[in-house]
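This report concerns only the one structure given below.
Residues: numbered from 1 along the sequence shown. Counting convention: from 1, in listed order, for ligands and their atoms alike.
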Amino acid sequence: MTSGLEPITLRAITGENLHAVLELSVADHQRKIYPRTNAHSIAEAHYPADDDAVWLKAIYAGETPVGLILTSEAEDRGEYFLWRLMIDQRFQGRGYGRCAVQLLIERIRQTDNPKVLITSHLQANSNAGRLYEQLGFEYTGEKTGADELELRLTF
Ligand SMILES: CC(C)(COP(=O)(O)OP(=O)(O)OC[C@H]1O[C@@H](n2cnc3c(N)ncnc32)[C@H](O)[C@@H]1OP(=O)(O)O)[C@@H](O)C(=O)NCCC(=O)NCCS
């Protein structure tokens with residue numbers, strides 16, 4: 001999939017690109033609406049709170065790592081949870097975030113029994129909400145955590 005001129009790919013985080021991914025960050029003013037660093041997300045991905053599979057990828061534009069995407073997946077139940085999505089501050093607004101979620105949706109669509117992709121965002125993060133709604137997610141009316149609005153995409 002391409003966004004502008006650069007092909008967007010989702011790649012494993014390995015010893016080779018770990019430090020580049022750790023250095024990616026949102027802007028200072030975005031920390032209130034997206035408080036987790038990539039170090040935090042990578043640690044959580046390795047020690048999840050439940051037994052569901054974890055899928056963690058670096059988002060690349062061409063050969064440049066630009067972001068991170070993390071899901072928790074119960075393939076047997078067809079339930080997928082988009083847990084983290086971030087594009088580094090230098091690369092935002094170029095369509096990369098949308099492209100990464102589209103790639104995730106396409107991958108889930110190709111599984112045997114896709115039912116639902118759930119996500120959430122802090123109430124103040126309306127940009128994320130707009131992105132998800134453009135991709136077909138709908139607000140459920142439920143709140144998760146302290147102040148997070150839940151959205152779901154039904155397959
Ligand atoms: C939210 C985020 C992942 C979007 O990725 P991105 O590559 O910057 O966004 P895209 O260029 O793909 O834009 C997709 C849509 O998102 C929305 N959006 C993203 N950034 C926006 C901004 N600064 N202002 C308004 N809308 C914005 C728009 O609806 C946009 O579509 P449009 O350009 O057709 O209007 C990225 O900005 C980011 O990492 N933000 C901080 C972390 C975060 O909020 N993560 C999501 C947590 S739930």
Side-chain angles (χ1 to χ4, degrees), residues 1-13 17-46 48-50 52-74 79-109 116-155:
M1 182 165 287
T2 57
S3 174
L5 297 175
E6 300 281 17
I8 304 303
T9 51
L10 306 179
R11 302 189 188 176
I13 297 176
N17 62 7
L18 173 66
H19 288 96
V21 176
L22 288 173
E23 279 165 20
L24 300 174
S25 75
V26 301
D28 284 346
H29 73 271
Q30 293 177 318
R31 296 222 166 103
K32 278 197 199 107
I33 46 120
Y34 188 82
R36 302 300 188 211
T37 62
N38 282 354
H40 195 119
S41 295
I42 292 168
E44 284 188 325
H46 283 81
D50 59 33
D52 291 344
V54 167
W55 183 82
L56 169 67
K57 297 288 173 189
I59 302 168
Y60 274 73
E63 291 305 311
T64 307
V66 298
L68 172 143
I69 187 165
L70 170 63
T71 64
S72 172
E73 312 198 338
E79 294 172 6
Y80 297 78
F81 179 66
L82 175 52
W83 189 3
R84 295 282 151 70
L85 170 70
M86 68 80 69
I87 300 292
D88 179 273
Q89 56 186 317
R90 292 165 296 164
F91 303 107
Q92 292 176 9
R94 302 186 193 180
Y96 298 161
R98 177 178 18 235
C99 216
V101 181
Q102 281 171 333
L103 288 169
L104 168 67
I105 292 169
E106 278 172 26
R107 181 176 67 80
I108 294 172
R109 243 188 248 292
V116 68
L117 173 59
I118 298 170
T119 193
S120 66
H121 66 78
L122 281 172
Q123 194 147 7
N125 195 356
S126 54
N127 290 342
R130 209 165 308 129
L131 161 63
Y132 296 134
E133 282 192 301
Q134 281 178 353
L135 290 171
F137 286 79
E138 292 178 341
Y139 285 98
T140 64
E142 298 292 318
K143 274 195 177 181
T144 59
D147 194 22
E148 300 219 359
L149 305 181
E150 185 184 84
L151 299 101
R152 61 173 53 207
L153 177 75
T154 306
F155 288 91

Test ring pair (Phe, Tyr, Trp, His ring centres under 6.0 Å) applied to Tyr80 - qualifying residues, sequence neighbours left out | none
Under 3.5 Å between some N or O of ligand 1 and some N or O of Tyr34?
-> no
Among all protein heavy atoms, pick out the one at the shortest distance from atom 2 (C) of ligand 1; state its residue, atom name and that distance to 0.1 Å.
-> Leu131 CD2, 4.5 Å
What do you reckon, does Phe91 have a nitrogen or oxygen under 3.5 Å from a nitrogen or oxygen of ligand 1?
-> no
With heavy atoms of Gly95 as the reference, note each atom of ligand 1 found under 4.0 Å away.
-> 10 (P), 11 (O), 12 (O)
Taking only residues two or more places apart in sequence, or in another chain, which ones meet Arg84 in a side chain to side chain donor-acceptor pair (under 3.5 Å)?
-> Ser41, Glu44
Is the shortest N/O to N/O distance between Gly93 and ligand 1 below 3.5 Å?
-> yes
Report yes if some N/O of Met86 lies less than 3.5 Å from some N/O of ligand 1; otherwise report no.
-> no
Out of Gln92, His121, Glu133, the nearest non-hydrogen contact to atom 38 (C) of ligand 1 is supplied by Gln92
Distance-minimising heavy-atom pair for Leu103 and Ile8 | CD1-O, 3.5 Å
For ligand 1, which atoms sit closer than 4.0 Å to a heavy atom of Val26?
-> 41 (C), 42 (C)
Distance-only, no hydrogens or angles: does the Ser126 side chain make a donor-acceptor pair with backbone N or O of Gly129 under 3.5 Å?
-> no
Residues, nucleotides or ligands: over 12 heavy atoms within 6.0 Å of Glu138 CD | no
Considering only the protein, which heavy-atom contact is closest to atom 39 (O) of ligand 1, and what is its distance?
-> Ile87 N, 2.7 Å
Decide whether an N or O pair under 3.5 Å exists between Arg94 and ligand 1.
-> yes
Strictly by modelled atom types, are Glu150 and Thr140 linked by a side-chain donor-acceptor pair under 3.5 Å?
-> yes
Give yes or no for whether the N/O distance cutoff of 3.5 Å, strictly under, is met between Leu85 and ligand 1.
-> yes
Relative to the ring of His121, is the ring of Tyr139 parallel (under 30°), tilted (30 to 60°) or perpendicular (over 60°)?
-> perpendicular
Should Gln134 be counted as touching ligand 1, given the test is an N or O pair under 3.5 Å?
-> yes
Exercise: identify the closest heavy-atom pair between Gly67 and Leu24 | N-CD1, 3.4 Å
Take every heavy atom of Ser120, measure it against each atom of ligand 1, and state whether any distance is under 4.0 Å.
-> yes
